Enquirer: 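So that we are looking at the same thing, I have put the structure below in structure tokens.
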Amino acid sequence: MSLCFGLSGAITTPALPAAQQLPTSAVGQYQWLQKGQYNPKQSLAARFPAPTGYERVAVTSGSFGQWLRYLPLLPTGSSVHLHNGELKDRQDVHAAVLNLNTGSRDLQQCADAVIRLRAEYLFSQDPTQVHFHLTSGHDIRFQDWYSGRTFRVAGEQVLPASKPAELPTHAVFRRYMDQIFTYAGTLSLSRELVSVPLAQVQPGDVLIRGGSPGHAVLVLDVALQPSIGRRVALLAQSYMPAQQMHVLKPDSFQSYGAWFALDASQEQVFTPEWTFSQNELKRFE
């Protein structure tokens with residue numbers, strides 16, 4: 001469990017503007033979806049156009065930022081549910097819900113949801129590149145795990161263990177992820193990331209405070225006002241208990257819709273359920 005308070009088939013469619021069309025290279029990259037379930041009209045890019053006077057920042061083809069931009073969403077008006085199917089207490093903090101399974105256990109919390117999306121992206125590119133650190137510091141590679149080399153925890157020790165070798169299917173990957181969620185969290189994730197200035201925020205960056213308590217919010221997309229360089233961002237989180245990952249809604253919802261104004265001159269970044277310092281923005285290397 002990622003303790004926020006603990007240890008831690010797509011088709012481009014002409015119905016969308018060119019800037020919102022799903023790249024052909026992204027077909028099949030959201031592998032938790034059943035074949036044919038992806039709807040380009042329910043993607044992040046289609047649902048949330050850049051605010052008036054802004055344009056989405058350029059992202060490299062095949063990058064994590066591009067992959068996030070076309071994430072699938074549940075229909076407009078969907079509620080956020082916990083891992084056990086119950087409703088999240090607060091239904092006033094989200095603008096959309098990601099079409100991403102949570103699992104039935106209380107595991108995919110705040111940092112875990114960030115880890116999950118990063119891992120899904122890496123899995124879609126090259127499963128051998130998937131690896132994450134436990135809070136203990138141990139680097140657990142998916143390639144080792146499906147090849148039969150795993151670990152067990154005994155008290156404070158993380159010890160090598162063996163398991164039957166398996167093929168690197170998505171189902172096997174999800175079981176690997178649950179084990180990572182159990183022993184990783186905000187502290188381990190924050191150590192894997194590098195600090196970046198808020199003024200340079202890009203899709204795929206993470207607002208994160210590691211420790212106990214701690215929290216993590218993922219930057220899904222960024223738009224820029226060319227004339228003055230002001231940046232706004234779409235943010236997403238899971239929380240405690242484990243719950244569906246959701247696109248957050250700022251208090252000033254009428255200003256930029258679901259986009260958060262990220263002002264590098266301000267000391268803090270306010271999100272509905274957590275306040276970060278402006279120096280708590282980090283990036284995957």
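Since we're looking at a predicted model, the values are computed, not measured. In this chain, residues are counted from 1 in sequence order.
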Enquirer: Does Lys249 reach the side chain of Pro272, with side-chain heavy atoms less than 4.5 Å apart?
Expert: no
Enquirer: Using 30° and 60° as the class boundaries, would you call the ring planes of Tyr54 and Tyr256 parallel, tilted or perpendicular?
Expert: perpendicular
Enquirer: Applying the 4.5 Å side-chain criterion to the ILVMFWY set and letting contacts propagate, would Val196 and Val222 be lumped into a single cluster?
Expert: yes
Enquirer: For Asp106 and Ala242, work out which heavy atoms get closest and say how close.
Expert: OD1-N, 2.7 Å
Enquirer: Locate the shortest heavy-atom distance separating Ala165 from Ser147; write the atom from each residue and the value.
Expert: CB-O, 3.5 Å
Enquirer: How about Gln237 and His215: does a side-chain donor come under 3.5 Å of a side-chain acceptor?
Expert: yes
Enquirer: Side-chain heavy atoms under 4.5 Å apart, restricted to Ile/Leu/Val/Met/Phe/Trp/Tyr: what other residues fall into the cluster of Leu74, or is it alone?
Expert: Val80, Val97
Enquirer: Any side-chain heavy-atom pair from Gln179 and Thr150 closer than 4.5 angstrom?
Expert: yes
Enquirer: Checking Arg283 against Gln202: is there a side-chain donor and acceptor pair closer than 3.5 Å?
Expert: no
Enquirer: Taking atom types as modelled, is there a side-chain donor on His170 or Glu120 under 3.5 Å from an acceptor on the other?
Expert: yes
Enquirer: Could you please spell out the steps behind the side chain to side chain contact (heavy atoms under 4.5 Å, CB included) verdict for Phe276 and Val217?
Expert: CA-CA 10 Å; Phe276 295 93; Val217 167; 3.8 Å; yes
Enquirer: Using side-chain heavy atoms (C-beta onward) and a distance below 4.5 Å, is Leu117 in contact with Leu68?
Expert: yes
Enquirer: Below 4.5 Å, heavy atoms only, C-beta onward: do Met177 and Leu107 meet side chain to side chain?
Expert: no
Enquirer: Hey, does Thr186 have a side-chain heavy atom less than 4.5 Å from the side chain of Cys110?
Expert: yes
Enquirer: Is the count of non-hydrogen atoms from other residues, nucleotides or ligands lying under 6.0 Å from Asp126 atom CG greater than 12?
Expert: yes
Enquirer: When you measure from the centre of the six-membered ring of Phe181, is the NZ or CZ of Arg116 closer than 6.0 Å and no more than 45° off the axis?
Expert: no
Enquirer: So, for Gln108 and Asn101, which heavy atoms are closest and what is the spacing to 0.1 Å?
Expert: NE2-O, 3.5 Å
Enquirer: Taking the side chain as C-beta and beyond, is there a heavy-atom pair between Gln42 and Pro72 under 4.5 Å?
Expert: no
Enquirer: Going through the checks in order, is the side chain to side chain contact (heavy atoms under 4.5 Å, CB included) test met by Tyr239 and Arg90?
Expert: CA-CA 11 Å; Tyr239 208 57; Arg90 293 194 62 179; over 6 Å; no
Enquirer: Between His83, Lys88, His81, which is the residue that forms a side-chain hydrogen bond (donor to acceptor under 3.5 Å, both in side chains) with Gln243?
Expert: Lys88
Enquirer: With heavy-atom distances below 4.5 Å as the criterion, would you say the side chains of His138 and Ile140 are in contact?
Expert: yes
Enquirer: Considering non-hydrogen atoms only, spot the tightest contact between Tyr38 and Ser43 and give its length.
Expert: OH-CB, 3.2 Å
Enquirer: Could you check whether atom CD of Gln91 has more than 12 heavy atoms from other residues, nucleotides or ligands sitting under 6.0 Å from it?
Expert: yes
Enquirer: Under the criterion side chain to side chain contact (heavy atoms under 4.5 Å, CB included), I'd like the reasoning laid out for Asn99 against Leu73: C-alpha separation, chi angles, the key distance, then a yes or no.
Expert: CA-CA 5 Å; Asn99 189 357; Leu73 303 177; 5.7 Å; no
Enquirer: Between Trp32 and Tyr30, what is the ring plane arrangement, given parallel below 30°, perpendicular above 60°, and tilted in between?
Expert: perpendicular
Enquirer: Can you tell me how far CH2 of Trp274 sits from CD1 of Ile208, rounded to the nearest 0.5 angstrom?
Expert: 11.0 Å
Enquirer: Determine whether more than 12 heavy atoms belonging to other residues, nucleotides or ligands lie under 6.0 Å from atom CZ of Arg175.
Expert: yes
Enquirer: I'd like to check Val153 versus Tyr183 (side-chain heavy atoms, cut-off strictly below 4.5 Å). Are they in contact?
Expert: yes
Enquirer: So, for Val158 and Leu134, which heavy atoms are closest and what is the spacing to 0.1 Å?
Expert: CG1-CD1, 4.1 Å
Enquirer: Any chain of hydrophobic side-chain contacts (each under 4.5 Å) joining Leu33 to Val247?
Expert: yes
Enquirer: Count I, L, V, M, F, W, Y as connected when their side-chain heavy atoms are under 4.5 Å apart, and connections chain through other members. Are Val172 and Val130 then in the same cluster?
Expert: yes
Enquirer: Of the non-hydrogen atoms in Phe142 and Thr169, which two are nearest, and what is the gap between them?
Expert: CZ-O, 4.3 Å
Enquirer: CZ of Phe151 to OG of Ser136: how many Å apart, nearest 0.5 Å?
Expert: 8.0 Å
Enquirer: Is Asp221 paired with Arg56 through a side-chain N to carboxylate O contact shorter than 4.0 Å?
Expert: yes
